[in-house]
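Below is one structure, written out as structure tokens; the observations come after it.
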There are 2 protein chains.
Amino acid sequence: MSEDTKSPRRRIGGSGARMRDVAQRAGVSPMTVSRALNTPDRVSPEMRDRVERAVKEIGYLPNHLASSLSSNRSTTIGLIVPSIDNSIYTQTIKGLSDTIRRSGFQLMISECGYDPAEEEELIASLLTHRVSGLVLHNTAHTAQAEAMIRQSGAPVVENGNLPEKPVDMAVSYSNQAAAYAMTMHLGRLGYRKIAFASLAALNNDRSRSRIAGYLEALEALGQEPDPRLIIETGRGLAAGAEAVARIVQGVPEADALFCAGDVLAAGALFECQRRGWPVPGRIAIASFDDVELLRHVTPAVTTLRLPRYDIGERSAQMLLSRIIDGADHLRGSVVDLKFEIIQRESA
Amino acid sequence: MSEDTKSPRRRIGGSGARMRDVAQRAGVSPMTVSRALNTPDRVSPEMRDRVERAVKEIGYLPNHLASSLSSNRSTTIGLIVPSIDNSIYTQTIKGLSDTIRRSGFQLMISECGYDPAEEEELIASLLTHRVSGLVLHNTAHTAQAEAMIRQSGAPVVENGNLPEKPVDMAVSYSNQAAAYAMTMHLGRLGYRKIAFASLAALNNDRSRSRIAGYLEALEALGQEPDPRLIIETGRGLAAGAEAVARIVQGVPEADALFCAGDVLAAGALFECQRRGWPVPGRIAIASFDDVELLRHVTPAVTTLRLPRYDIGERSAQMLLSRIIDGADHLRGSVVDLKFEIIQRESA
DNA sequence: GCAAAGCTTGTTAGCGCTACCTTGAGCGGC
DNA sequence: GCCGCTCAAGGTAGCGCTAACAAGCTTTGC
């Protein structure tokens with residue numbers, strides 16, 4: 001019994017039991033409770049039982065803030081994506097989430113909206129919360145952001161592209177190689193006027209890489225690049241529809257449209273359906289991301305299968321290796337998870 | 001100058017500067033630094049400047065673990081959703097994220113996969129991380145989960161449905177009222193054999209509420225409920241396609257299909273397109289969620305606009321009021337954010 | 001002119017844990 | 001029977017920050 005724990009400071013609203021309460025209940029020292037919970041093989045089985053029973057009886061939930069502060073190790077991973085409500089990131093998030101959860105880690109997710117200054121602010125905030133690792137979708141950062149990362153010593157994985165010189169580690173596919181491969185594929189299928197619809201390249205190195213891959217392929221195919229065939233659009237299905245309209249108006253003889261995004265491709269296809277144009281009869285459509293939607297529309301869309309889930313999973317594995325096993329040899333590694341062309345009906 | 005801070009314990013890998021380093025640099029006490037950063041109006045402007053300068057000079061990032069531990073207040077909100085890669089949650093997540101970020105909070109997101117036992121485990125984990133508030137999509141929880149929540153004292157918002165008796169607070173629309181409204185709408189449009197495709201009702205009170213609303217409307221319309229018109233399907237576009245097939249095979253005279261989910265509706269529509277069936281000529285289709293996709297397909301789909309973003313935003317506001325302002329009068333409140341029928345071409 | 005009140009800064013003692021060191025028991029070897 | 005060894009448990013001292021109080025100073029009221 002005894003309630004004589006002197007507490008000259010707050011202990012507000014039902015914040016729950018402390019380790020010392022468990023210790024008292026089990027008749028052992030707090031240190032033994034700590035060991036029983038964190039390194040069970042370093043206490044006798046009998047003690048382990050006693051402690052476990054006491055934990056259950058008083059409904060003890062350990063305080064990770066205190067344990068992280070004391071041990072200088074945390075069990076949270078920070079993630080910054082350009083946009084939370086974009087389907088292409090959710091698969092990667094799921095891969096990350098599934099993997100870190102198995103090691104008892106939690107995910108802190110923030111959204112930077114394609115803005116490096118926002119990203120910098122969020123990195124600061126996450127480091128302030130002492131995340132033990134970071135996942136960034138961007139591969140371009142402010143100098144200040146890189147400095148903070150370096151100073152913090154936290155391992156980092158970059159995800160959106162294969163960077164020349166990663167801040168720390170990177171896991172991705174090559175946007176340039178993927179765009180090159182699909183453009184070549186369209187060329188080999190016989191298309192002679194291949195248009196390219198892309199998101200704005202500003203602040204988006206993925207977009208820039210994709211355009212570069214497209215141009216590289218045109219050259220390899222011996223096709224003259226035509227600025228009227230390259231258009232930048234906004235986001236959303238409406239942007240895809242607009243892309244079709246602009247291309248066909250500017251270059252009526254265009255026979256294929258390669259959309260650098262699943263949503264754009266779907267929007268383009270729907271616009272063709274609306275106009276009653278046969279695809280690929282009037283114009284072929286190819287996409288960049290294999291989302292479920294593109295498999296089920298009519299015609300099913302030729303696209304690239306990108307390893308979105310695997311990127312998350314692998315990123316998590318590498319971070320955990322660094323954090324838990326101190327796998328320093330991973331520093332500097334850039335993992336290319338490749339991609340695959342999925343040939344369907346639309347091209 | 002001076003490096004004489006006695007440190008009889010670690011201080012490993014570049015973990016960065018501490019508040020006392022800032023204090024030393026600025027020539028003030030650590031307490032003044034704390035006040036300058038957290039309650040700037042309680043220090044003189046001159047001190048504020050000195051401290052701010054010192055912070056910048058040494059690149060100080062406060063340690064939220066320590067500050068939370070000491071103050072017994074944290075700046076993280078926990079969120080548990082059934083599935084991270086489901087588009088209907090991402091809008092709510094965005095609403096939450098946008099709102100809490102303005103108050104400097106971070107979001108910890110986990111996925112429970114429609115399983116209450118998983119949810120319980122995740123609630124424990126988040127409480128262990130001392131989140132200062134919780135957002136749950138489920139409105140049904142294990143007894144153990146509710147006990148932990150109560151013991152922790154953390155404010156909670158439930159999101160997926162309007163519960164009879166919320167654990168704490170709830171923000172949602174009524175699934176039953178929405179399903180009722182759409183079914184009535186279809187009835188008034190003249191459809192006489194309205195089928196209903198739903199996700200599995202097991203462990204999913206949202207699905208159960210929707211079926212209840214559908215049945216209630218049939219009764220109000222004087223239509224006989226027909227078990228062959230109610231089908232449970234899996235997730236994904238393929239499930240929507242399958243729903244059409246099953247309904248039309250079982251009840252060829254069915255003239256409308258109300259899908260309790262945007263993905264199901266899209267799948268159903270694509271299947272009709274594939275079969276060359278006019279919609280709504282052969283069968284009308286209505287959906288539950290107004291996602292961008294349903295606006296852009298042909299025909300555009302009649303659906304319900306649900307306040308997904310607002311739910312996140314409002315949930316965040318209520319949590320923050322409770323956490324920051326101690327707004328105890330919010331305890332027990334259930335906020336109904338309503339919905340809207342969007343009449344388009346498919347029904 | 002002096003007490004009461006306000007304002008700014010400093011001092012002390014923890015928040016709930018764990019690193020590190022110590023203690024003491026058990027045990028085999030010669 | 002004593003030395004060294006291992007192993008389990010405990011004691012102590014922080015991790016980096018802030019609550020609570022105290023101290024020094026200025027302001028205010030009458």
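Just so it is clear: chains get the letters A, B, ... in the order the sequence lines come, proteins before strands, and each one is counted from 1.
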Residue [X], side-chain atoms from C-beta onward, closest of [options]:
{"X": "A:S34", "options": "D:dA9, C:dT18, D:dG16", "result": "C:dT18"}
{"X": "B:N63", "options": "D:dA9, D:dC17, C:dG10", "result": "D:dC17"}
{"X": "A:S29", "options": "C:dG10, C:dC17, D:dG10", "result": "D:dG10"}
{"X": "A:S44", "options": "C:dC15, D:dA9, C:dC17", "result": "D:dA9"}
{"X": "B:M19", "options": "D:dG16, D:dT18, D:dA9", "result": "D:dT18"}
{"X": "B:R20", "options": "D:dT18, D:dC15, C:dC17", "result": "D:dC15"}

Over how many whole Å does the gap from [X] atom [atom1] to [N] atom [atom2] extend?
{"X": "A:L37", "N": "C:dT18", "atom1": "CG", "atom2": "C1'", "answer": "12 Å"}
{"X": "A:D21", "N": "C:dC15", "atom1": "CG", "atom2": "P", "answer": "11 Å"}
{"X": "A:E46", "N": "C:dA25", "atom1": "CD", "atom2": "C1'", "answer": "14 Å"}
{"X": "B:L127", "N": "C:dG16", "atom1": "CG", "atom2": "C1'", "answer": "16 Å"}
{"X": "A:N38", "N": "C:dC20", "atom1": "CG", "atom2": "C1'", "answer": "16 Å"}
{"X": "B:R50", "N": "C:dT9", "atom1": "CZ", "atom2": "C1'", "answer": "11 Å"}
{"X": "A:Q24", "N": "C:dG16", "atom1": "CD", "atom2": "C1'", "answer": "15 Å"}

Worksheet item: Hey, does B:R48 reach any base, or is it just sugar-phosphate, or nothing, if we go heavy atoms under 4.0 Å?
Response: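 No contact.
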Item to complete: Name the nucleic acid region contacted by B:P30, choosing base, sugar-phosphate or nothing; use a 4.0 angstrom heavy-atom cut-off, strictly under.
Response: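 Since no nucleic acid heavy atom lies under 4.0 Å of B:P30, the category is nothing.
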Practice prompt. On DNA chain D, check which nucleotide each of A:R42 and A:M31 is closest to and give me the residue with the more 5' one.
Written response: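 It is A:R42, whose closest nucleotide lies nearer the 5' terminus.
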Spell out yes or no: do the side chain of [X] and the base of [N] have one donor N/O and one acceptor N/O closer than 3.5 Å?
{"X": "B:S70", "N": "C:dG14", "answer": "yes"}
{"X": "A:S67", "N": "C:dC17", "answer": "no"}
{"X": "A:R35", "N": "D:dG10", "answer": "yes"}

Worksheet item: Do A:T32 and A:S29 meet the criterion of a side-chain donor-acceptor pair at a distance under 3.5 Å?
Response: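 Per modelled atom types, A:T32 and A:S29 side chains form a pair under 3.5 Å.
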Is any side-chain nitrogen or oxygen of [X] closer than 4.0 Å to OP1 or OP2 of [N]?
{"X": "A:Y60", "N": "C:dC17", "result": "yes"}
{"X": "A:R73", "N": "D:dC15", "result": "no"}
{"X": "B:N72", "N": "D:dT18", "result": "no"}

Worksheet entry | Close side-chain approach of B:P116 and B:H141, heavy atoms under 4.5 Å |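 B:P116 vs B:H141: side chains apart.
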Worksheet item: Parallel, tilted or perpendicular: which describes the rings of B:H64 and A:H129, with under 30° parallel and over 60° perpendicular?
Response: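 The rings of B:H64 and A:H129 lie parallel, inter-plane angle below 30°.
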Discussion item. To the closest 0.5 Å, what do you measure between CD (B:E121) and CG (B:L126)?
Written reply: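 Result: 11.0 Å between the selected atoms.
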Discussion item. Is there a salt bridge (charged side-chain N to carboxylate O under 4.0 Å, His left out) between A:R150 and A:E146? Walk through the geometry before answering.
Written reply: CA-CA 6 Å; A:R150 254 177 262 283; A:E146 298 206 10; 3.0 Å; yes
Worksheet entry | From B:T90, B:D98, B:T92, residue fulfilling side chain to side chain donor-acceptor pair (under 3.5 Å) relative to B:Y309 |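 Output: one option passes, namely B:D98.
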